[in-house]
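This report concerns only the one structure given below.
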Number of protein chains: 2
Amino acid sequence: MLALAEAGGPVHAEWVATSQDIPRRFCDNILLQLRRAGLINSQRGPDGGYWLARSPGEISLADVIRVTEGVEQAAKPFPKAAAPLEEIWARLHDHEHTLLREITLADIMTSGGPPP
Amino acid sequence: MLALAEAGGPVHAEWVATSQDIPRRFCDNILLQLRRAGLINSQRGPDGGYWLARSPGEISLADVIRVTEGVEQAAKPFPKAAAPLEEIWARLHDHEHTLLREITLADIMTSGGPPP
DNA sequence: TAGATTCCTACTTGTACAGTAGGAATCATA
DNA sequence: TATGATTCCTACTGTACAAGTAGGAATCTA
């Protein structure tokens with residue numbers, strides 16, 4: 001989602017939507033969530049737009065993903081009798097999270113210049 | 001699910017259901033899936049029941065999980081523009097799968113004796 | 001003031017998963 | 001061979017969550 005918000009400077013939701021090939025209205029909602037999470041900043045009115053709150057190298061994939069997941073799904077209680085699985089599950093998610101925290105937006109930025 | 005099927009010998013679906021605290025009918029369906037996947041064997045009629053097709057040490061968690069996931073979800077095409085993410089996602093699932101393949105049922109068996 | 005843009009809230013829809021249900025097939029035993 | 005216990009098959013329901021839609025208010029530049 002953010003993948004193209006690192007276009008350098010401020011861009012309109014309209015541009016993000018078309019560049020990502022998703023509906024305009026839908027894009028609005030996502031950008032709104034990201035702003036509430038503090039990952040991006042915004043400015044209203046003409047000449048408004050969105051831009052990253054921190055530099056691409058300081059935003060990890062974990063940061064972005066956490067926005068979607070409602071507080072890590074509140075760690076739902078295991079279905080009993082599966083106690084030994086709980087530890088394994090924890091290990092998996094631990095490693096996953098560690099990896100996602102190491103990778104920043106800068107790592108996956110390739111190209112795609114922004115418009116005026 | 002199988003976690004208690006390693007009760008040693010053949011057991012009834014009824015016993016599995018109560019021991020796992022899930023509805024009887026629901027348990028039936030799961031056991032049926034597992035049998036179709038070749039993970040367990042079964043025998044009808046009185047004195048029938050279910051038992052593991054291989055020894056607990058030869059059944060990995062990956063085997064069990066694969067039964068649920070419909071052919072790895074058919075590798076749905078990525079939403080475009082997210083190409084760089086594809087590699088990362090692959091790495092994650094690779095590691096996850098590797099870990100799950102190393103862990104067998106024998107590793108997480110603890111206790112819980114079967115009935116006559 | 002006017003137009004452009006973000007912002008908020010709520011609604012609709014599609015889909016996958018958990019669970020339900022009815023009965024047929026099969027087998028041991030008597 | 002009849003009986004009852006058990007697995008087996010197919011289909012349905014219900015529910016939670018993500019994807020997407022929608023209307024209009026708030027805010028800013030010019």
Side-chain angles (χ1 to χ4, degrees), chain A residues 1-2 5 7 9-18 20-53 64-82 114-116, chain B residues 1-2 5 7 9-18 20-53 64-82 114-116:
Chain A
M1 310 303 185
L2 258 179
V11 289
H12 296 162
E14 185 63 42
W15 183 79
V16 178
T18 60
Q20 295 294 336
D21 200 27
I22 60 178
R24 166 61 206 278
R25 223 63 200 270
F26 186 35
C27 189
D28 268 18
N29 291 345
I30 296 173
L31 290 170
L32 186 51
Q33 274 188 281
L34 292 173
R35 190 193 60 86
R36 281 174 177 161
L39 293 182
I40 61 180
N41 292 326
S42 62
Q43 167 77 13
R44 292 205 252 202
D47 244 46
Y50 297 91
W51 63 97
L52 294 186
V64 180
I65 289 176
R66 184 169 30 216
V67 174
T68 315
E69 300 175 352
V71 187
E72 194 69 22
Q73 291 163 1
K76 51 187 165 189
F78 255 71
K80 174 195 185 181
Chain B
M1 308 306 183
L2 257 178
V11 289
H12 296 162
E14 186 61 43
W15 182 78
V16 177
T18 61
Q20 295 294 336
D21 201 27
I22 61 179
R24 166 62 206 279
R25 225 64 200 271
F26 185 36
C27 188
D28 268 18
N29 291 344
I30 297 173
L31 290 170
L32 186 52
Q33 275 188 281
L34 293 173
R35 191 193 61 86
R36 281 174 176 161
L39 292 182
I40 61 180
N41 291 326
S42 62
Q43 167 78 13
R44 290 204 253 203
D47 244 46
Y50 297 92
W51 63 97
L52 295 187
V64 179
I65 290 175
R66 185 168 30 216
V67 174
T68 314
E69 300 175 352
V71 188
E72 194 69 22
Q73 292 162 1
K76 51 188 165 189
F78 255 70
K80 174 194 184 182

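In what follows, every chain begins at residue 1, and chains take the letters A, B, ... in the order their sequences are listed.
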- Task: Rounded to the nearest angstrom, tell me the gap between atom CD1 in Ile22(B) and atom P in dT20(C).
- Result: 10 Å
- Annotated protein contacts, base or backbone, on nucleotides 25-30 of chain D with a non-hydrogen cut-off under 4.0 Å, one of B, S, - each: -BBBB-
- Take nucleotides 8-15 of chain C nucleotide by nucleotide from the 5' end and write B, S or -, depending on whether a protein heavy atom sits under 4.0 Å from the base, only from the sugar-phosphate, or from neither. BB------
- Task: For Leu34(A) and dT6(C), give me the distance from atom CG to atom C1', rounded to whole Å.
- Result: 14 Å
- Do Leu39(A) and Leu52(A) have side chains that get closer than 4.5 Å, going by heavy atoms? no
- Message: Could you tell me how far apart Phe26(B) (CZ) and dT13(D) (C1') are, to the nearest whole angstrom?
- Response: 14 Å
- For Ala17(A), enumerate each residue passing the side chain to side chain contact (heavy atoms under 4.5 Å, CB included) test, keeping only those at least two apart in sequence or located in another chain. Arg24(A), Cys27(A)
- Message: If I take atom CD1 in residue Ile40(A) and atom C1' in nucleotide dC7(C), what distance separates them, rounded to the nearest angstrom?
- Response: 12 Å
- What integer distance in Å separates Gln20(A):CD from dA19(D):P? 14 Å
- Euclidean distance, atom CG of residue Leu31(A) to atom P of dT5(C) [Å, nearest integer]: 14 Å
- Could you walk me through whether His12(A) and Val16(A) pass the side-chain contact (heavy atoms from CB on, under 4.5 Å) check? CA-CA 7 Å; His12(A) 296 162; Val16(A) 178; over 6 Å; no
- Query: Starting at CD1 of Ile30(A) and ending at C1' of dT6(C), how long is that distance when rounded to a whole Å?
  - Reply: 15 Å
- Residue list, side chain to side chain contact (heavy atoms under 4.5 Å, CB included) with Asn41(A), at least two apart or on another chain: Trp51(A), Ala53(A)
- Message: Check this one for me: any side-chain N or O of Ser42(B) less than 4.0 Å away from OP1 or OP2 of dT6(D)?
- Response: no
- Query: How far does OG1 of Thr68(A) sit from CD1 of Ile30(A), to the nearest 0.5 angstrom?
  - Reply: 8.0 Å
- Could you tell me which residues satisfy side chain to side chain donor-acceptor pair (under 3.5 Å) with Asn29(B), sequence neighbours excluded, listed by chain and number? none
- Message: Do Glu14(A) and Thr18(A) make a side-chain contact, defined as non-hydrogen atoms from C-beta onward lying under 4.5 Å apart?
- Response: yes
- Query: What are the two closest non-hydrogen atoms of Gln43(B) and Asp47(B), and how far apart are they?
  - Reply: CG-O, 4.4 Å
- Message: Can you measure Asn41(B) atom CG to dT6(D) atom P for me and round it to whole angstrom units?
- Response: 19 Å
N/O donor-acceptor pairs under 3.5 Å from side chains in residues 31-38 of chain B, not counting sequence neighbours:
none

